[in-house]
Amino acid sequence: LVQPYVMLPAMNGSGAVRGFDADIDVGRKDIISNLNFGFLGYVEASNGTVAFGLDANYMNLDANSDDSRTRANVSQTALQPMLFYKLVDKFELMAGMRYNKVKLGLESDFQAIDGAERSKGWVDPIIGFRFAAPIGGNNSFSMLANVGGFGIGSDIAIQVKPMLSFGVSRTTTIDLGYQIVYMDYESGTGTDRFAYDVLTEGPIMGISFRF
């Protein structure tokens, strides 16, 4: 399976660079002007019982709130390899990891921190499940949900992704859904402090090709 997809995200939360806190706030109505570049895609191989999937995405956003005195621009990369095991028909257990790399840059009315930036990478172990079932014809519903971090990387990391897939041929579906990703990560102290506490959520649309 190969699935390129797009997402219209809204981001809300806060970050910290060099110990300075900043707001991260971008709505979907501003996404066209705020999105500098983005790529999202998923691939999967399965033998019917065990499957391996890789979800990859990159987004570069001017995540600014005009009424905030200190704002953050965000560049975010995530690579998520996952192993699925079919426990029973339509239900799979999942284990994997999510590599996150976040770059935060500050824009501020305070000259001393305006232009400050820092990038940080970390890995979150994740566990969860996937449910998938036909809903008539060539159409189906699926739900992916996982939780991770556990203080190894993020304090907590959550992903929920329901999808509806509409068959347009034997090997191709149009996929519509919604994705919610929350991460709360912090490291360092004082001027070395880096924090990323952000909820990213929004509708997604993709097309899947099965071989």
Side-chain angles (χ1 to χ4, degrees), residues 1-13 28 38-59 76-102 122-150 152-168 171-185 196-211:
L1 180 145
V2 175
Q3 181 197 54
Y5 64 96
V6 295
M7 180 178 179
L8 294 178
M11 303 176 72
N12 186 266
R28 273 180 288 278
F39 169 81
L40 304 97
Y42 179 73
V43 296
E44 181 175 317
S46 173
N47 66 6
T49 302
V50 178
F52 172 78
L54 177 64
D55 199 2
N57 65 75
Y58 171 80
M59 291 188 294
Q76 180 177 335
T77 302
L79 294 174
Q80 185 169 309
M82 297 169 285
L83 278 176
F84 298 92
Y85 177 77
K86 183 176 289 187
L87 189 64
V88 295
D89 188 34
K90 304 180 180 63
F91 186 85
E92 298 166 289
L93 296 178
M94 184 275 287
M97 55 178 268
R98 185 185 299 117
Y99 169 73
N100 305 288
K101 185 174 182 180
V102 174
W122 69 93
V123 174
D124 290 327
I126 55 175
I127 55 173
F129 69 89
R130 181 170 64 181
F131 172 83
I135 55 174
N138 293 325
N139 308 321
S140 63
F141 170 80
S142 65
M143 168 76 79
L144 172 70
N146 58 69
V147 62
F150 312 116
I152 297 172
S154 301
D155 289 334
I156 183 120
I158 297 170
Q159 179 188 29
V160 180
K161 186 179 179 181
M163 295 286 293
L164 287 170
S165 297
F166 302 94
V168 295
T171 59
T172 306
T173 60
I174 300 296
D175 309 309
L176 303 175
Y178 203 88
Q179 179 164 259
I180 300 168
V181 177
Y182 172 70
M183 288 187 291
D184 182 8
Y185 173 84
Y196 186 77
D197 184 1
V198 175
L199 173 68
T200 303
E201 47 85 19
I204 53 179
M205 180 175 68
I207 182 167
S208 294
F209 304 97
R210 291 170 172 81
F211 303 96

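Numbers for residues simply follow the sequence, beginning at 1. Only this structure's heavy atoms are used, side chains among them; waters, hydrogens and symmetry mates stay out.
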Quick one: does [X]'s side chain get under 4.5 Å of [Y]'s, heavy atoms only?
{"X": "Met183", "Y": "Asn100", "answer": "yes"}
{"X": "Met7", "Y": "Val181", "answer": "no"}
{"X": "Met94", "Y": "Arg130", "answer": "no"}
{"X": "Val102", "Y": "Trp122", "answer": "yes"}

Quick one: closest heavy-atom pair of [X] and [Y], and the distance?
{"X": "Ile207", "Y": "Asp175", "value": "C-OD2, 3.8 Å"}
{"X": "Pro162", "Y": "Phe141", "value": "CB-CE1, 4.2 Å"}
{"X": "Gly149", "Y": "Asp124", "value": "CA-OD1, 3.6 Å"}

> For the atom pair OG1 (Thr77) and OH (Tyr58), what is the distance rounded to the nearest 0.5 Å?
Replying inline: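 If I round to the nearest 0.5 Å, the distance is 6.0 Å.
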> What's the spacing between Glu92 CD and Thr49 OG1 if we round to 0.5 Å?
Replying inline: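 The OG1 atom of Thr49 is 9.5 Å from CD of Glu92, to the nearest 0.5 Å.
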> Can Tyr5 and Met163 be said to form a side chain to side chain contact (heavy atoms under 4.5 Å, CB included), step by step?
Replying inline: CA-CA 12 Å; Tyr5 64 96; Met163 295 286 293; over 6 Å; no
>> Pair Ile204, Lys161 - check side chain to side chain contact (heavy atoms under 4.5 Å, CB included), show working.
In response: CA-CA 9 Å; Ile204 53 179; Lys161 186 179 179 181; 3.5 Å; yes
> Just one of Leu1, Val2, Thr171 clears the side-chain contact (heavy atoms from CB on, under 4.5 Å) bar with Phe211, so which one?
Replying inline: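 Testing Phe211 for a side-chain contact (heavy atoms from CB on, under 4.5 Å) against Leu1, Val2, Thr171 leaves exactly one candidate, Val2.
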>> Within the 3.5 Å criterion, strictly below it, is a donor on Asp184 or Tyr196 matched to an acceptor on the partner's side chain?
In response: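 Distance-only check fails for Asp184 and Tyr196.
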>> Please evaluate residues Leu164 and Asn139 with respect to the criterion side chain to side chain contact (heavy atoms under 4.5 Å, CB included), reporting the C-alpha separation (whole Å), side-chain torsions for both, the decisive distance (0.1 Å), and the verdict.
In response: CA-CA 7 Å; Leu164 287 170; Asn139 308 321; over 6 Å; no
>> Going by ring-ring contact (aromatic ring centres under 6.0 Å, His included), Phe129 matches just one of Tyr85, Phe84, Phe91. Which one?
In response: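 Exactly one option meets the ring-ring contact (aromatic ring centres under 6.0 Å, His included) with Phe129, and it is Phe91.
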>> For a side chain to side chain contact (heavy atoms under 4.5 Å, CB included) check, start with the C-alpha distance between Thr173 and Gln3, then their side-chain angles and the critical distance, and finish with the verdict.
In response: CA-CA 9 Å; Thr173 60; Gln3 181 197 54; over 6 Å; no
